[in-house]
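Working notes, beginning with the structure itself.
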Amino acid sequence: MTTQHGLPEGDGPLAGVRVLDLSWIVAGPTVGRALADYGATVIRVESPIRVDTARVVGPFHGDLPGVENSGLYGNVNAGKWGLTLSLNVPEAQDIFKRLVQWADIVSESFTAGILARWDLHYPRLRELKPDLIMLSSTLLGQTGPYNQVSGFGSQGAGMSGVQYLTGWPDRAPAGPFGPYTDYPAPRFALTALLAALDHRNRTGEGVFIDQAQAEGTLQLLAPAVMDYLNGGPALVARGNDDPQMCPHGVYPCSPTDGRAESWIAIAVASDEQWRSLAGLIDMEASLSFDERRQQQAEIEDALIAWTAQRSADEVETMLQSKGISAHRLATTEDAANDPQLAHRNHFQRLPHSLHGETVLEGPRYLHSETPGAPARPAPQYGEHNEQILKDVLGLSDTEIEDLAASGALS
Amino acid sequence: MLSPYRVIDLTDERGVLAGQMLADLGADVIQVEPPSGSSGRGVAPFFAEYPDESIYWAAYTRGKRGITCDPADPRGRDVLLRLLETADFLIESSDVGRMAELGLDYATLHERFPGLIYTSISAFGQTGPKADYVGSDLAIWASGTPLLMTGDDDRAPIRVSQPQSWGHASGDAAGGSMLALHARHRSGRGQHVDVSGQVSVAQATLGQVLAYQLGASEPERFAGGVKQRGIGFRVSAEVQNGHIVLNMAPGPAVGHFANHAVQWLVDIGAADPSLLEENFRTYADRVATGDADPEIFPQIQQIMTNEVAKRTKEEMLEISIEYDLLLVPVLTVVDLAESGQLEAREFWREIEDDEGRWVTYPGPPLKIFLDGEQRANNYRPPPMLGQHNDEIYGELGITHEELTALRSDGVI
């Protein structure tokens with residue numbers, strides 16, 4: 001046995017909090033990323049065989065696909081320590097159980113029932129560590145007739161109504177960009193885990209959290225489904241129409257910098273805003289909301305005639321100066337150059353042993369006293385295997401060799 | 001779990017979900033509205049039976065108590081400050097600068113209540129060149145980049161028809177507030193948590209917001225899928241009664257699901273059994289080395305498209321479960337209301353309000369077990385305007401006479 005001295009502790013409000021992150025792709029890893037940003041020690045456990053999908057979808061460094069090139073994987077796993085474990089191998093299960101005893105929080109996103117098959121589900125882990133906090137996050141939850149439905153957030157978008165509610169009334173659903181349930185779900189999981197940690201620290205009680213990512217996403221769609229459930233109409237996709245704002249939409253501008261297209265989002269929320277806009281596009285300033293809805297096509301024609309002659313930048317600046325909500329549809333290049341995102345230091349560059357440097361997003365919020373930050377880039381495959389096995393579990397070189405020979409690590 | 005903590009929720013429609021997330025975890029959340037009612041009570045949709053009442057507001061105030069207070073009136077400000085003495089969190093979503101006009105900005109309140117966690121939700125953030133921009137769901141969605149990536153490529157980009165931006169920002173406000181609580185446990189001090197909708201919605205891009213800076217190509221909008229480097233990847237397919245979402249692709253991460261799909265196609269006689277010998281986890285590599293036929297996968301995709309088109313989304317879901325496919329129906333609002341899965345998990349819940357009316361709500365977003373026992377959910381109905389004035393102001397020691405005077409002067 002070598003000496004156990006653990007992994008270096010992070011800085012921040014969660015310093016000393018230990019997280020075993022078995023989740024994968026986006027929804028679960030995003031939670032561990034936030035915990036790591038604020039000082040938690042997060043060990044990300046990956047299967048060496050079943051490649052994390054986040055590693056094989058872009059955006060890639062230099063546009064080159066590769067399991068160590070994914071900016072998505074980098075973004076949701078920064079600050080973590082990486083360990084590869086084949087959990088179907090008994091020796092790996094033993095390592096996993098020892099890490100559970102090390103951890104305060106276990107986060108996982110296997111299809112419901114998989115951990116039970118290995119006898120590594122919450123009831124068993126709770127025997128090992130009664131005050132364990134565990135998050136199990138799946139598309140549809142641990143229970144119910146469809147709990148076995150596996151899938152990505154793209155399936156989640158279908159199962160939560162977002163796919164259906166993004167589109168034009170005369171077309172098939174366009175759907176949102178990517179696996180939508182991966183976007184709201186981590187907010188609910190993170191908030192609950194932090195509440196659970198607070199609860200455990202006060203009471204000593206362990207906490208199990210069953211997250212259905214679709215149910216989290218449905219919180220953001222609640223008004224639409226509640227309307228139907230309470231005797232109202234069932235919402236259908238309506239393009240960019242809004243029941244209370246008019247005009248409200250996305251309009252073409254004159255492209256600049258050799259781009260093929262350029263767009264501006266405009267939302268007129270009040271008669272006062274309309275009066276300001278009407279003066280610019282030569283429309284009747286006194287039109288009420290109902291009248292604007294009736295004349296929507298005519299208004300949009302006049303608006304497009306006006307926006308199409310101008311750059312999105314010019315329209316944005318002019319409308320905002322008149323108190324009208326407008327913003328260009330930012331490309332990712334625009335985001336890179338956005339002065340507001342720069343002001344918030346939202347994009348952060350870190351040295352990277354393969355890429356020289358990598359870029360990722362900062363935390364989703366600015367804390368005045370204890371700002372979060374990623375301490376290091378996301379781990380490469382098995383990057384910290386030896387460090388974790390030695391420093392956290394106290395394994396000797398021989399024991400690590402035996403473990404490797406068992407197939408637990410590869 | 002959060003029962004020791006009190007949240008003073010000054011948000012309007014832009015931040016009202018944040019406090020509810022904390023209420024669902026057990027916090028005592030007090031929604032504070034102006035005496036005339038929050039602007040959030042004017043946000044669509046409205047109840048079919050009670051056309052003056054906002055479903056939006058009801059949805060996100062379930063679980064809270066409610067009081068009224070005019071913070072622009074000195075006496076209103078005074079009672080609000082007395083209330084803040086009892087608070088752990090303040091959450092607000094006012095126009096940037098408005099809290100300072102009221103003398104309720106972070107700097108002022110931090111001096112007076114050093115332990116208070118003060119969370120601000122705004123479109124772009126509290127400071128910076130766009131801090132004073134007029135925000136809206138659509139403009140935020142545009143600024144954070146997901147809008148340009150979404151929609152049909154021959155039309156203007158589109159948002160989600162139920163607005164999402166403020167929901168994402170509110171979710172971050174709840175998480176950011178909890179991080180500040182853990183910081184307070186160590187330092188004893190509260191802090192300012194500044195949430196920007198623009199930053200929050202950048203999460204809705206699958207990391208693509210970084211594309212340019214990584215040297216990757218810009219994502220392009222592509223109905224029913226995603227497109228990058230000129231290659232579209234459609235995940236939506238038509239079935240008899242609607243659509244499904246289907247991921248079927250070769251590759252090490254998802255190829256086994258394609259193998260499962262082939263098994264189904266063979267079992268129903270739509271594909272030749274010899275295709276079972278093809279392993280789509282390694283297919284792409286073998287195509288690259290000339291050891292596999294590049295035409296095979298497109299053929300299977302075509303057969304799959306033809307076969308699903310003959311079936312209903314309900315049939316396809318059962319097949320998906322039996323064969324373990326990455327395939328689900330595109331649920332409509334009606335499907336969601338009638339979902340057997342959500343029913344089995346008791347997600348939709350009828351709650352009786354204090355006027356004896358029954359309204360159906362979504363339940364809390366998570367199921368939580370303490371020491372192995374499921375925690376009871378908070379199904380408190382949304383407060384009517386000023387419903388808990390007597391109760392909460394009474395707890396502060398404000399006398400009945402004072403309350404009557406404040407009420408008649410329009411302060412509460």
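Each chain gets a letter, A, B and so on, in the order the sequences are listed, and its residues count up from 1.
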Which distance, rounded to the nearest 0.5 Å, do you find between the [atom1] of [X] and the [atom2] of [Y]?
{"X": "Phe60(A)", "Y": "Asn69(A)", "atom1": "CZ", "atom2": "CG", "answer": "7.0 Å"}
{"X": "Arg187(A)", "Y": "Met21(B)", "atom1": "CZ", "atom2": "CE", "answer": "8.5 Å"}
{"X": "Asp194(B)", "Y": "Thr119(B)", "atom1": "CG", "atom2": "OG1", "answer": "9.5 Å"}
{"X": "His367(A)", "Y": "Leu179(B)", "atom1": "NE2", "atom2": "CG", "answer": "5.0 Å"}
{"X": "Leu17(B)", "Y": "Ser170(B)", "atom1": "CG", "atom2": "OG", "answer": "5.0 Å"}

Does the side chain of [X] come under 3.5 Å of the side chain of [Y] through a donor N or O and an acceptor N or O?
{"X": "Asn247(B)", "Y": "Gln155(A)", "result": "yes"}
{"X": "His110(B)", "Y": "Arg189(B)", "result": "yes"}
{"X": "Tyr73(A)", "Y": "Arg55(A)", "result": "yes"}
{"X": "His346(A)", "Y": "Asp338(A)", "result": "no"}
{"X": "Thr217(A)", "Y": "Ser160(A)", "result": "no"}
{"X": "Thr205(B)", "Y": "Thr145(B)", "result": "no"}

Which atoms of [X] are under 4.5 Å from chain A, going by heavy atoms: the side chain, the backbone, both sets, or neither?
{"X": "Val334(B)", "value": "both"}
{"X": "Glu350(B)", "value": "neither"}
{"X": "Ala202(B)", "value": "both"}
{"X": "Leu181(B)", "value": "side chain"}
{"X": "Arg221(B)", "value": "side chain"}
{"X": "Thr127(B)", "value": "both"}
{"X": "Ser196(B)", "value": "both"}
{"X": "Leu317(B)", "value": "side chain"}

Which one wins on heavy-atom pair count under 4.5 Å against chain A: [options]?
{"options": "Phe47(B), Phe222(B), Trp166(B), Trp348(B)", "value": "Trp348(B)"}
{"options": "Val195(B), Asp324(B), Leu25(B)", "value": "Leu25(B)"}
{"options": "Ala59(B), Ala48(B), Ala211(B), Ala344(B)", "value": "Ala211(B)"}
{"options": "Ile244(B), Ile321(B), Val209(B)", "value": "Val209(B)"}
{"options": "Leu22(B), Val43(B), Val201(B)", "value": "Val43(B)"}
{"options": "Gln203(B), Arg184(B), His182(B)", "value": "Gln203(B)"}

Specify which of [options] makes the most heavy-atom pairs with chain B at under 4.5 Å.
{"options": "Pro243(A), Ser154(A), Gly151(A)", "answer": "Ser154(A)"}
{"options": "Leu190(A), Thr331(A), Val162(A), Ile324(A)", "answer": "Thr331(A)"}
{"options": "Tyr251(A), Tyr122(A), Phe347(A)", "answer": "Phe347(A)"}
{"options": "Gln148(A), Arg238(A), Gln142(A), Gln211(A)", "answer": "Arg238(A)"}
{"options": "Asp241(A), Asn240(A), Val250(A)", "answer": "Asn240(A)"}
{"options": "Gly141(A), Ala54(A), Gly232(A)", "answer": "Gly141(A)"}

Give, as side chain, backbone, both or neither, the part of [X] having an atom under 4.5 angstrom from any heavy atom of chain B.
{"X": "Arg126(A)", "result": "side chain"}
{"X": "Val67(A)", "result": "neither"}
{"X": "Ala15(A)", "result": "both"}
{"X": "Tyr180(A)", "result": "side chain"}
{"X": "Leu197(A)", "result": "both"}
{"X": "Pro186(A)", "result": "side chain"}
{"X": "Gln163(A)", "result": "both"}
{"X": "His343(A)", "result": "side chain"}
{"X": "Glu361(A)", "result": "both"}
{"X": "His61(A)", "result": "both"}
{"X": "Ala336(A)", "result": "both"}
{"X": "Ser70(A)", "result": "neither"}
{"X": "Leu235(A)", "result": "both"}
{"X": "Val26(A)", "result": "side chain"}

Close aromatic pair by centroid cut-off 6.0 Å: Tyr50(B) and Phe46(B) =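 Aromatic pair excluded; centres sit 6.0 Å or further apart.
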Is the gap between the ring centers of His168(B) and Trp141(B) under 6.0 Å?
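Between His168(B) and Trp141(B), the centre distance is under 6.0 Å.
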Problem set entry | Carboxylate-amine/guanidinium proximity below 4.0 Å for Arg202(A) and Glu205(A) |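 Result for this pair is no, no salt bridge flagged.
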- Inspect the contact between Asp242(A) and Arg159(B) and indicate whether a charged nitrogen and a carboxylate oxygen are less than 4.0 angstrom apart. yes
Q: On the 0 to 90° scale, with breaks at 30° and 60°, tag the Tyr5(B)-His185(B) ring pair as parallel, tilted or perpendicular.
A: tilted
Parallel under 30°, tilted from 30 to 60°, perpendicular over 60°: which one fits the rings of Tyr106(B) and His192(B)? parallel
With a 3.5 Å cut-off and sequence neighbours excluded, list the donor-acceptor pairs that the side chains of residues 362-369 of chain B form with protein atoms.
unit_1    : atom_1 : unit_2    : atom_2 : d
Lys367(B) : NZ     : Arg345(B) : O      : 2.8

| message | Let's go through Glu316(A) and Tyr133(B) carefully: what are the C-alpha distance in whole Å and the side-chain angles of both, what is the deciding distance for side-chain hydrogen bond (donor to acceptor under 3.5 Å, both in side chains) to 0.1 Å, and is it a yes or a no? | response | CA-CA 10 Å; Glu316(A) 176 186 313; Tyr133(B) 263 28; 2.6 Å; yes
